Amino acid sequence: YYSIEHRDIGMALLCHRSFPDEEANGVAITRNIFDSTGLEPAFYINVQYGEASVVLPDPGVTADRFLYYFNMPGSPVVYLATSSLTDEPVLSDGHIYDLGKALDAIHTFYMEAYGGDITYAMDVEFKIDEDQLWVKQARPY
(Lines give C-alpha, C1' and ligand atoms only; values in the text may rest on other atoms or scores of the structure.)
Protein backbone atom coordinates (compact mmCIF):
# COMPACT_ATOMS: atom_id res chain seq x y z
CA TYR A 1 0.00 0.00 0.00
CA TYR A 2 2.81 2.45 0.87
CA SER A 3 5.26 0.90 -1.63
CA ILE A 4 7.53 -0.33 1.15
CA GLU A 5 9.65 -3.29 0.12
CA HIS A 6 8.62 -6.15 2.40
CA ARG A 7 12.21 -7.42 2.64
CA ASP A 8 13.34 -4.05 4.10
CA ILE A 9 11.20 -4.20 7.21
CA GLY A 10 10.88 -6.37 10.26
CA MET A 11 7.99 -7.24 12.49
CA ALA A 12 7.89 -7.03 16.23
CA LEU A 13 5.54 -8.26 18.87
CA LEU A 14 5.58 -7.02 22.44
CA CYS A 15 4.19 -9.34 25.07
CA HIS A 16 3.90 -8.56 28.75
CA ARG A 17 2.17 -10.15 31.65
CA SER A 18 -1.48 -9.64 32.39
CA PHE A 19 -2.55 -7.56 35.39
CA PRO A 20 -5.94 -9.09 36.31
CA ASP A 21 -6.07 -7.68 39.85
CA GLU A 22 -3.60 -4.82 40.14
CA GLU A 23 -3.37 -2.69 43.28
CA ALA A 24 -3.18 0.57 41.30
CA ASN A 25 -2.90 1.83 37.75
CA GLY A 26 -1.90 5.19 36.40
CA VAL A 27 -0.56 7.54 33.79
CA ALA A 28 2.27 10.01 34.31
CA ILE A 29 3.74 12.87 32.28
CA THR A 30 7.47 13.41 32.82
CA ARG A 31 7.16 17.18 33.20
CA ASN A 32 5.05 19.70 35.04
CA ILE A 33 2.24 20.37 32.57
CA PHE A 34 1.32 23.57 34.45
CA ASP A 35 4.78 25.16 34.02
CA SER A 36 5.76 26.13 30.48
CA THR A 37 8.95 27.87 31.68
CA GLY A 38 10.64 24.71 32.95
CA LEU A 39 11.56 26.55 36.16
CA GLU A 40 9.41 24.29 38.33
CA PRO A 41 10.15 20.75 37.10
CA ALA A 42 7.88 17.99 38.37
CA PHE A 43 6.18 14.82 37.24
CA TYR A 44 2.40 15.01 36.73
CA ILE A 45 0.79 11.79 37.94
CA ASN A 46 -2.75 10.40 37.76
CA VAL A 47 -3.27 7.14 39.63
CA GLN A 48 -6.30 5.16 40.70
CA TYR A 49 -6.97 2.36 43.12
CA GLY A 50 -7.29 -1.13 41.63
CA GLU A 51 -8.42 -1.49 38.06
CA ALA A 52 -10.67 1.60 37.93
CA SER A 53 -9.89 3.74 34.90
CA VAL A 54 -7.88 6.94 35.25
CA VAL A 55 -8.43 7.91 31.60
CA LEU A 56 -12.19 7.34 31.32
CA PRO A 57 -13.50 7.06 34.90
CA ASP A 58 -17.10 6.31 35.74
CA PRO A 59 -19.19 9.41 36.47
CA GLY A 60 -18.34 10.87 39.88
CA VAL A 61 -15.14 8.85 40.27
CA THR A 62 -11.93 10.82 40.82
CA ALA A 63 -8.32 9.64 40.88
CA ASP A 64 -5.30 10.86 42.82
CA ARG A 65 -3.71 13.66 40.77
CA PHE A 66 -0.46 15.14 41.99
CA LEU A 67 2.77 16.86 41.08
CA TYR A 68 5.89 15.04 42.25
CA TYR A 69 8.93 17.30 42.55
CA PHE A 70 11.30 14.33 42.44
CA ASN A 71 14.51 16.30 41.88
CA MET A 72 13.84 19.02 44.46
CA PRO A 73 15.08 18.84 48.08
CA GLY A 74 12.71 16.64 50.05
CA SER A 75 10.96 15.51 46.83
CA PRO A 76 7.61 17.14 47.71
CA VAL A 77 4.30 15.71 46.53
CA VAL A 78 1.50 18.23 45.93
CA TYR A 79 -1.96 16.68 45.58
CA LEU A 80 -4.37 18.37 43.17
CA ALA A 81 -7.17 15.80 43.70
CA THR A 82 -7.69 12.59 45.63
CA SER A 83 -9.29 9.27 44.76
CA SER A 84 -12.96 8.90 45.55
CA LEU A 85 -12.45 5.14 45.92
CA THR A 86 -10.22 5.17 49.01
CA ASP A 87 -9.62 7.33 52.09
CA GLU A 88 -5.83 7.08 51.80
CA PRO A 89 -3.40 8.03 49.04
CA VAL A 90 -3.44 5.40 46.31
CA LEU A 91 0.38 5.09 46.27
CA SER A 92 2.62 4.59 49.28
CA ASP A 93 5.65 6.84 49.72
CA GLY A 94 7.82 3.93 48.55
CA HIS A 95 5.80 3.44 45.38
CA ILE A 96 5.91 7.18 44.65
CA TYR A 97 9.70 7.14 45.02
CA ASP A 98 10.04 4.05 42.78
CA LEU A 99 7.81 5.73 40.19
CA GLY A 100 9.92 8.91 40.38
CA LYS A 101 13.11 6.92 39.74
CA ALA A 102 11.52 5.22 36.74
CA LEU A 103 10.08 8.46 35.30
CA ASP A 104 13.41 10.24 35.75
CA ALA A 105 15.24 7.41 33.95
CA ILE A 106 12.71 7.34 31.08
CA HIS A 107 12.76 11.13 30.70
CA THR A 108 16.57 11.25 30.72
CA PHE A 109 16.93 8.33 28.29
CA TYR A 110 14.69 9.88 25.61
CA MET A 111 15.68 13.54 26.15
CA GLU A 112 18.52 13.44 23.61
CA ALA A 113 16.09 12.40 20.87
CA TYR A 114 14.10 15.57 21.58
CA GLY A 115 17.06 17.95 21.71
CA GLY A 116 16.69 18.80 25.41
CA ASP A 117 13.61 20.96 24.75
CA ILE A 118 12.04 22.00 28.09
CA THR A 119 8.57 21.27 26.72
CA TYR A 120 9.56 17.66 25.93
CA ALA A 121 7.89 14.94 28.00
CA MET A 122 7.04 11.29 27.93
CA ASP A 123 3.58 9.85 28.64
CA VAL A 124 4.05 6.77 30.81
CA GLU A 125 1.50 4.11 31.74
CA PHE A 126 2.20 2.12 34.90
CA LYS A 127 0.74 -0.42 37.30
CA ILE A 128 1.37 -1.46 40.88
CA ASP A 129 0.92 -5.21 41.17
CA GLU A 130 2.11 -7.56 43.88
CA ASP A 131 3.53 -4.46 45.63
CA GLN A 132 5.86 -3.78 42.66
CA LEU A 133 5.96 -1.01 40.05
CA TRP A 134 5.51 -2.09 36.43
CA VAL A 135 5.98 0.34 33.53
CA LYS A 136 3.71 -0.83 30.73
CA GLN A 137 4.60 1.71 28.06
CA ALA A 138 6.16 5.10 27.40
CA ARG A 139 5.54 7.31 24.40
CA PRO A 140 6.14 10.96 23.51
CA TYR A 141 3.63 13.30 25.13
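The structure displayed is predicted, hence computed values, not measured ones.
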Please report the closest heavy-atom contact between [X] and [Y], naming both atoms and the distance.
X: I45; Y: A28; value: CG1-CB, 3.9 Å
X: I29; Y: A121; value: CG2-CB, 3.8 Å
X: Y79; Y: P89; value: OH-CB, 3.4 Å
X: A24; Y: V47; value: CB-CG2, 4.0 Å

Exercise. For Y141, enumerate each residue passing the ring-ring contact (aromatic ring centres under 6.0 Å, His included) test, keeping only those at least two apart in sequence or located in another chain.
Key: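 ring-ring contact (aromatic ring centres under 6.0 Å, His included) check on Y141 returns nothing, list empty.
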Practice problem: Apply ring-ring contact (aromatic ring centres under 6.0 Å, His included) to F126 and list each qualifying residue two or more places apart in sequence or on a separate chain. | Solution: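 Partners of F126 by the ring-ring contact (aromatic ring centres under 6.0 Å, His included) criterion come out as none, since no residue qualifies.
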Quiz item: Can you tell me how far the CG atom of L91 sits from the CD atom of E23, to the nearest 0.5 Å?
Solution: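 CD of E23 is found 10.0 Å from CG of L91.
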Pairs where [range] contributes a residue and the test salt bridge (Lys or Arg N to Asp or Glu O under 4.0 Å) is met, not counting sequence neighbours:
range: residues 3-13; answer: E5-R7
range: residues 81-105; answer: none
range: residues 126-141; answer: R17-D129, R17-E130, E22-K127, D123-R139, E125-K136

Quiz item: Which other residues belong to the hydrophobic cluster containing V55, where Ile, Leu, Val, Met, Phe, Trp and Tyr are joined when side-chain heavy atoms lie under 4.5 Å apart, directly or via other members?
Solution: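 Hydrophobic cluster check, V55: joined to V27, V54, L56.
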With sequence neighbours excluded, residues passing side-chain contact (heavy atoms from CB on, under 4.5 Å) with [X]:
X: P76; result: Y69, M72
X: R65; result: Y44, N46, L80, A81
X: S92; result: H95
X: T62; result: S84

Exercise. If a pair satisfies ring pair (Phe, Tyr, Trp, His ring centres under 6.0 Å) and one of its residues is in residues 99-119, list it, with sequence neighbours excluded.
Key: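 Checked against ring pair (Phe, Tyr, Trp, His ring centres under 6.0 Å) - neighbours excluded - the pairs reaching residues 99-119 are H107-Y120, Y114-Y120.
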Less than 4.5 Å apart, any side-chain heavy atom of [X] and any of [Y]?
X: Y68; Y: S75; result: yes
X: L133; Y: I128; result: yes
X: F34; Y: L67; result: yes
X: V124; Y: V135; result: yes
X: Q48; Y: S83; result: yes
X: I96; Y: F70; result: no

Quiz item: Residues two or more places apart in sequence or in another chain: which of them pass side-chain hydrogen bond (donor to acceptor under 3.5 Å, both in side chains) with T37?
Solution: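 Per chain and number, T37 pairs via side-chain hydrogen bond (donor to acceptor under 3.5 Å, both in side chains) with D35.
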Practice problem: Examine L39 and I33 and state if one hydrophobic cluster contains both, with Ile, Leu, Val, Met, Phe, Trp and Tyr joined whenever side-chain heavy atoms are less than 4.5 Å apart. | Solution: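 No, separate clusters.
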Practice problem: Verify the neighbour count for atom OH of Y49: are there more than 12 heavy atoms of other residues, nucleotides or ligands below 6.0 Å? | Solution: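 Atom OH in Y49 is not packed in, count stays at 12 or less.
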Quiz item: Taking the six-membered ring for Trp, are W134 and F19 parallel (under 30°), tilted (30 to 60°) or perpendicular (over 60°)?
Solution: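 Perpendicular: the ring planes of W134 and F19 meet at over 60°.
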